Amino acid sequence: GQQLNQSPQSMFIQEGEDVSMNCTSSSIFNTWLWYKQDPGEGPVLLIALYKAGELTSNGRLTAQFGITRKDSFLNISASIPSDVGIYFCAGRYGGSQGNLIFGKGTKLSVKP
Amino acid sequence: DAGITQSPRHKVTETGTPVTLRCHQTENHRYMYWYRQDPGHGLRLIHYSYGVKDTDKGEVSDGYSVSRSKTEDFLLTLESATSSQTSVYFCAIRTGRNIQYFGAGTRLSVL
């Protein structure tokens, strides 16, 4: 079946640092979504991308739909403590009836 | 929260007992989904519905059944719960732009 490879699996951040994560696939996707999940809650949508090359921002978050349509990137600038959580990418490919495939998540923690 | 309510939020049950989880939406969306979330696996689709009485299987449907007799309710049933079904279950709805919004989840423990 379709798979998304999300990296890194985890990372530690220090307040003020920029953070980058990405998702890649061997298949072409026509929609990329990025979600954040806090402990004990459901995933919350951060950014939606619909076109190859599209670059979209939501506050300090910026996401890009890769030109090859097989990848997507999420950047967080000037991280703050409340950025801690798990970030998921999700992709929708043609013929999937709109169903999403999810990456396994990137866990952001504060550097001790 | 896209008007999604999951119940119960927490449940502990014994192996072999039937369990039903409920997802209720208030915004009349056609598509509804059930996922399970496990460490190391992310979110995996169990079943989805594209209308009243219209459902289909997802990636991990074995041991689960669903029903949708009304637009607003989507039920997930474990006919005979097993320990491997201990998980966090999320319901989602899909909007017109193919965005899925999630409920707060149900944490199920099968002992």
Side-chain angles (χ1 to χ4, degrees), chain A residues 1-10 21-25 27 29-51 54 56 58 63 65 69 72 85-107 109, chain B residues 1-10 21 23-25 29-51 54-62 66 87-109:
Chain A
Q2 304 289 340
Q3 281 192 331
L4 287 184
N5 299 309
Q6 185 170 351
S7 65
Q9 283 187 327
S10 63
M21 61 191 78
N22 68 83
C23 276
T24 61
S25 173
S27 301
F29 286 81
N30 51 33
T31 301
W32 284 98
L33 305 173
W34 284 93
Y35 291 86
K36 180 184 182 231
Q37 186 177 26
D38 292 324
E41 299 181 13
V44 174
L45 181 72
L46 299 173
I47 293 177
L49 302 160
Y50 297 100
K51 288 192 289 192
E54 181 179 356
T56 297
N58 178 6
F65 194 138
R69 297 173 63 192
S72 181
I86 302 178
Y87 292 78
F88 291 98
C89 62
R92 173 179 172 264
Y93 57 95
S96 67
Q97 295 189 36
N99 294 346
L100 297 176
I101 302 294
F102 284 83
K104 295 183 180 180
T106 295
K107 184 177 181 180
S109 305
Chain B
D1 64 358
I4 303 167
T5 304
Q6 290 186 234
S7 58
R9 291 295 315 278
H10 302 272
L21 308 183
C23 179
H24 178 80
Q25 60 145 331
H29 294 287
R30 181 180 169 200
Y31 281 81
M32 297 183 76
Y33 302 82
W34 276 108
Y35 292 89
R36 59 179 290 173
Q37 185 177 40
D38 305 289
H41 289 279
L43 285 154
R44 293 182 292 173
L45 182 64
I46 305 172
H47 281 280
Y48 66 101
S49 169
Y50 46 96
D54 291 323
T55 64
D56 206 349
K57 296 179 180 180
E59 176 189 358
V60 290
S61 59
D62 287 348
V66 290
S87 187
V88 182
Y89 292 86
F90 287 100
C91 172
I93 57 91
R94 187 178 115 196
T95 67
R97 289 216 75 187
N98 287 312
I99 293 173
Q100 291 187 19
Y101 293 94
F102 289 83
T106 295
R107 185 172 295 274
L108 177 67
S109 296

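Quick note on labels: first sequence line is chain A, next is B, and so on, each numbered from 1. Note that this is a predicted model, so its numbers are computed, not measured.
When the heavy atoms of residues 33-41 of chain B are compared with those of chain A, the residues falling under 4.5 Å are Tyr33(B), Tyr35(B), Gln37(B), Gly40(B), His41(B), listed by number.
Take Thr56(A) and apply the side chain to side chain donor-acceptor pair (under 3.5 Å) test, not counting sequence neighbours, and it matches Glu54(A). Evaluation of the side chain to side chain donor-acceptor pair (under 3.5 Å) rule for His29(B) yields Glu27(B) as partners, not counting sequence neighbours. For the side chain to side chain donor-acceptor pair (under 3.5 Å) test, residues two or more places apart in sequence or in another chain that qualify with Ser49(B) are Arg68(B).
Contacts of Arg44(B) with chain A are absent, with no heavy-atom separation under 4.5 Å from either backbone or side chain. Both the backbone and the side chain of Leu43(B) have a heavy atom closer than 4.5 Å to some heavy atom of chain A. Residue Gln9(A) does not touch chain B at all, counting heavy-atom pairs closer than 4.5 Å.
Judged purely by atom type and a 3.5 angstrom limit, Ser25(A) uses its side chain to pair as donor or acceptor with the backbone of Ser27(A). Looking only at distances, a side-chain donor or acceptor of His47(B) sits under 3.5 Å from a matching main-chain atom of Asp56(B).
In this structure, Leu33(A) and Ser72(A) have side chains that are not in contact, with every pair of non-hydrogen atoms separated by 4.5 Å or more. Two residues are said to be in side-chain contact when any heavy atoms from C-beta on lie closer than 4.5 Å; Thr55(B) and Tyr48(B) fail this criterion. Residues Ser7(A) and Thr106(A) have side chains not in contact (no heavy-atom distance under 4.5 Å, counting atoms from C-beta outward).
Interface summary for chain A: among Gln100(B), Glu59(B), Arg9(B), the most heavy-atom pairs under 4.5 angstrom belong to Gln100(B).
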